[in-house]
Amino acid sequence: MNRVTPLDAMDCARVLAEASRERRPLRIAGGSTKAYLGDRAEADVEIATAGLRGIVDHVPADLTVTVAAGTRIADLAAALEGAGQLLPLDPPHAEAATIGGVIAANSNGFWRARFGGVRDLLIGTRTALPDGTVARAGGRVVKNVAGYDLDKLLVGSLGTLGVIVEATFKVLPQPSARGGMAARFADGSPALAAANAISRSAARPEACVVARRASGPWRLLVTASGANATVDRTMGDARREIASQRGSVEELDGGLDDARELPARATTGALVKVALPLAATAAFAVAAVRFDSFAEVVADVASGVIRIHLLGDEETVVADAGALLLGSGVVGGTGRVERREDHLRDRLPTWPSRPRGDALMRRIKEAFDPNAILERGRAAFA
């Protein structure tokens with residue numbers, strides 16, 4: 001496979017136009033942290049965004065930053081910290097994930113319920129397209145309401161519409177205080193009941209997660225940020241709810257980072273991700289640990305997103321994954337196989353059925369990429 005590394009937006013667009021004329025399928029690589037997403041993609045050429053790095057524009061007074069798509073999230077966070085600001089995104093693969101990859105994968109972490117996700121913070125993009133042009137959407141100011149919000153099409157598109165070369169985000173001031181705690185529970189129901197109450201408290205935590213590994217205890221992980229009084233109130237509320245459910249408070253000890261990185265760690269077996277109505281989250285998480293192939297569960301209680309890692313013999317993993325996906329639909333949610341070993345790909349497609357709006361997504365794909373060269377086969381509509 002040929003690998004090219006464009007150095008600017010027009011260079012990237014030229015590569016795309018040439019590949020489109022020759023009908024050569026392309027794969028896009030940022031940090032290559034989420035190559036496992038979706039189904040198998042055909043590719044003769046890999047476009048690396050490593051040459052598109054750095055902060056393009058930062059206006060601290062406007063609380064906006066424009067950054068090249070190949071820039072690592074970790075590098076952007078370090079630069080913003082020096083200016084007393086932050087981009088409130090905490091995706092998995094935090095050390096190596098790039099801006100473009102995070103947008104294309106709609107990769108959100110536990111801060112989503114408090115600060116919004118990728119689609120909420122993204123206000124502008126520049127994208128190289130297969131026709132050789134570079135399209136701009138949105139802008140570099142927060143109050144930009146003119147025209148269609150085309151940025152949202154790119155979020156979660158898995159690189160099937162174009163190559164994101166630049167993005168503008170809303171940023172926030174660094175909080176003056178942070179706090180965190182963990183709690184241990186013998187059973188899942190009280191842990192999830194406490195988490196539900198904490199996540200809906202007036203002070204609103206930064207993250208509120210329940211996790212359990214096979215043969216281990218249930219753990220509740222809570223963090224807060226903001227003014228000192230806000231953090232103190234959130235931690236006080238959390239302690240009261242934990243005590244009311246007979247949990248024992250302990251040190252956070254990196255547990256939240258460990259839970260966030262489950263997609264990076266789940267290299268064997270299969271990882272199922274479901275998004276559920278909030279009212280169904282607790283019961284689903286408790287039921288998940290009863291499956292024979294259960295290895296680990298991480299439930300983001302505030303957003304209704306649960307990841308379940310399955311390990312064991314192939315037949316059991318396939319059967320349990322299917323049951324979890326079916327169950328998510330029964331309770332009004334959605335699900336997909338986020339990651340699995342290569343030998344399971346044929347038996348565990350990413351999506352259990354055609355996604356909603358499939359016909360419309362196909363028409364959009366044809367309009368942006370008529371020769372279907374970008375990430376061919378990656379998504380259900382591509």
If we only count heavy atoms from C-beta on, is the Thr98 to Arg53 side-chain gap below 4.5 Å?
-> no
Below 4.5 Å, heavy atoms only, C-beta onward: do Thr334 and Trp351 meet side chain to side chain?
-> no
Path from Leu161 to Leu129 over hydrophobic side-chain contacts below 4.5 Å | yes
With side chains defined as the heavy atoms from C-beta onward, is the minimum distance between Thr160 and Asp369 less than 4.5 Å?
-> no
Thr234 vs Asp237, side chain to side chain donor-acceptor pair (under 3.5 Å): CA-CA, chis, key distance, verdict | CA-CA 5 Å; Thr234 303; Asp237 290 347; 5.8 Å; no
Would you say the side chain of Thr33 lies within less than 4.5 Å of the side chain of Pro263, judging by non-hydrogen atoms?
-> no
Measure the spacing between CZ of Arg27 and CD of Glu375 and express it to the nearest 0.5 Å.
-> 7.5 Å
Enter the distance from Arg184:CZ to Leu220:CG here, rounded to the nearest 0.5 Å.
-> 12.5 Å
Any side-chain heavy atom of Val231 within less than 4.5 Å of one from Arg178?
-> no
Evaluate the side-chain proximity of Pro190 to Arg246: yes if any heavy-atom separation is below 4.5 Å, no if none is.
-> no
Is there a path of hydrophobic side-chain contacts, each under 4.5 Å between heavy atoms of I, L, V, M, F, W or Y residues, that connects Val289 with Leu276?
-> yes
Apply salt bridge (charged side-chain N to carboxylate O under 4.0 Å, His left out) to Asp187 and list each qualifying residue two or more places apart in sequence or on a separate chain.
-> none
Of all heavy-atom pairs between Ala194 and Phe185, which one has the smallest distance, and what is that distance?
-> CB-CZ, 4.1 Å
Checking Thr230 side chain against Gly226 main chain: does a donor-acceptor pair fall under 3.5 Å?
-> no
Taking Gln174 for the side chain and Gln85 for the main chain, is one N or O donor matched with an acceptor at less than 3.5 Å?
-> yes
Qualifying residue, where the test is side-chain contact (heavy atoms from CB on, under 4.5 Å) with Phe368 and the options are Leu153, Leu374, Asp131 = Leu153
Looking at CG of Leu76 and CZ of Phe169, how far apart are the two atoms once the value is rounded to the nearest 0.5 Å?
-> 8.0 Å
Keeping the roles fixed (side chain from Arg307, backbone from Val274), state whether a donor-acceptor pair exists under 3.5 Å.
-> no
Start with the C-alpha gap between Asp346 and Arg40, add the side-chain angles, then the distance that decides, and say whether salt bridge (Lys or Arg N to Asp or Glu O under 4.0 Å) holds.
-> CA-CA 10 Å; Asp346 291 337; Arg40 283 194 179 95; 3.2 Å; yes
Mark yes or no for whether Asn371, through its side chain, and Arg23, through its backbone, hold a donor-acceptor pair below 3.5 Å.
-> no
Greater than 12 external heavy atoms within 6.0 Å of Arg239's CZ | no
Heavy-atom distance under 4.5 Å between the side chains of Leu344 and Glu314, does that happen here?
-> yes
Joint cluster assignment, Val305 & Val337, ILVMFWY side-chain distance < 4.5 Å = no
Check the hydrophobic clustering (I, L, V, M, F, W, Y; side-chain heavy atoms under 4.5 Å; chains of links allowed) and say if Ile308 and Trp218 are grouped together.
-> yes
Among the clusters formed by ILVMFWY side chains lying less than 4.5 Å apart, do Leu121 and Leu154 turn up in the same one?
-> yes
So, does Ser20 use its side chain to make a donor-acceptor pair with the main chain of Ala17 at under 3.5 Å?
-> no
Say you draw a straight line from CG of Asn2 to CD1 of Ile47; how long is it, rounded to the nearest 0.5 Å?
-> 11.5 Å
Determine, step by step, whether Val118 and Leu89 satisfy the side-chain contact (heavy atoms from CB on, under 4.5 Å) criterion, reporting the C-alpha distance in whole Å, the side-chain angles of both residues, the deciding distance to 0.1 Å, and the verdict.
-> CA-CA 7 Å; Val118 175; Leu89 288 176; 4.1 Å; yes
Kindly indicate, with the supporting measurements, whether the criterion side chain to side chain donor-acceptor pair (under 3.5 Å) is fulfilled by Asn106 and Asn108.
-> CA-CA 6 Å; Asn106 191 22; Asn108 295 290; 3.0 Å; yes
State plainly whether the residues Asp39 and Arg340 are in salt-bridge range, i.e. N to O under 4.0 Å.
-> yes
Leu7: which other cluster members, linking ILVMFWY side chains closer than 4.5 Å, directly or transitively?
-> none
Please report the C-alpha distance between Val330 and Phe284 in whole Å, then the side-chain angles of each, then the deciding distance to 0.1 Å, and finally whether the side-chain contact (heavy atoms from CB on, under 4.5 Å) criterion is met.
-> CA-CA 11 Å; Val330 169; Phe284 197 98; over 6 Å; no
Is a donor on one side and an acceptor on the other found under 3.5 Å between the side chain of Thr71 and the backbone of Gly54?
-> yes
How long is the gap from CG on Leu311 to OG1 on Thr268, to the nearest 0.5 Å?
-> 4.5 Å
May I have the step-by-step check of side-chain contact (heavy atoms from CB on, under 4.5 Å) for Ile55 and Thr66, ending in yes or no?
-> CA-CA 6 Å; Ile55 292 178; Thr66 301; over 6 Å; no
Who pairs with Asp151 by salt bridge (charged side-chain N to carboxylate O under 4.0 Å, His left out), at least two apart in sequence or on another chain?
-> none
Do Val45 and Val4 have side-chain heavy atoms sitting under 4.5 Å apart?
-> yes
Kindly indicate, with the supporting measurements, whether the criterion salt bridge (Lys or Arg N to Asp or Glu O under 4.0 Å) is fulfilled by Glu296 and Arg265.
-> CA-CA 11 Å; Glu296 185 173 357; Arg265 293 187 284 105; 3.0 Å; yes
Partners passing salt bridge (charged side-chain N to carboxylate O under 4.0 Å, His left out) against Arg21 (at least two apart in sequence or in another chain) = none
Is it true that Asp258 and Arg213 make a salt bridge, defined as a side-chain N closer than 4.0 Å to a carboxylate O?
-> yes
In terms of side-chain geometry, is the basic nitrogen of Arg290 or Asp320 positioned less than 4.0 Å from the acidic oxygen of its partner?
-> no
For Tyr36, the ring pair (Phe, Tyr, Trp, His ring centres under 6.0 Å) test, sequence neighbours excluded, returns His93
Is it true that Glu315 and Arg347 have a side-chain N and a carboxylate O under 4.0 angstrom from each other?
-> yes
So OG1 of Thr168 and NE2 of His58: to nearest 0.5 Å the spacing works out to 11.5 Å
With the threshold set at 4.0 Å, does a side-chain nitrogen-carboxylate oxygen contact exist between Arg112 and Asp120?
-> no
By the rule that ILVMFWY residues connect when side-chain heavy atoms come within less than 4.5 angstrom, directly or transitively, which residues belong alongside Leu271?
-> Phe110, Val209, Leu221, Leu252, Leu256, Leu262, Val298
Charged N to carboxylate O below 4.0 Å: is that the case for Arg378 and Glu42?
-> no
Test log, rule side-chain contact (heavy atoms from CB on, under 4.5 Å), inputs Arg136 and Glu166 | CA-CA 9 Å; Arg136 184 185 294 276; Glu166 186 179 291; 4.1 Å; yes
Between the side chain of Ser32 and the main-chain N/O of Ala29, is any donor-acceptor distance below 3.5 Å?
-> no
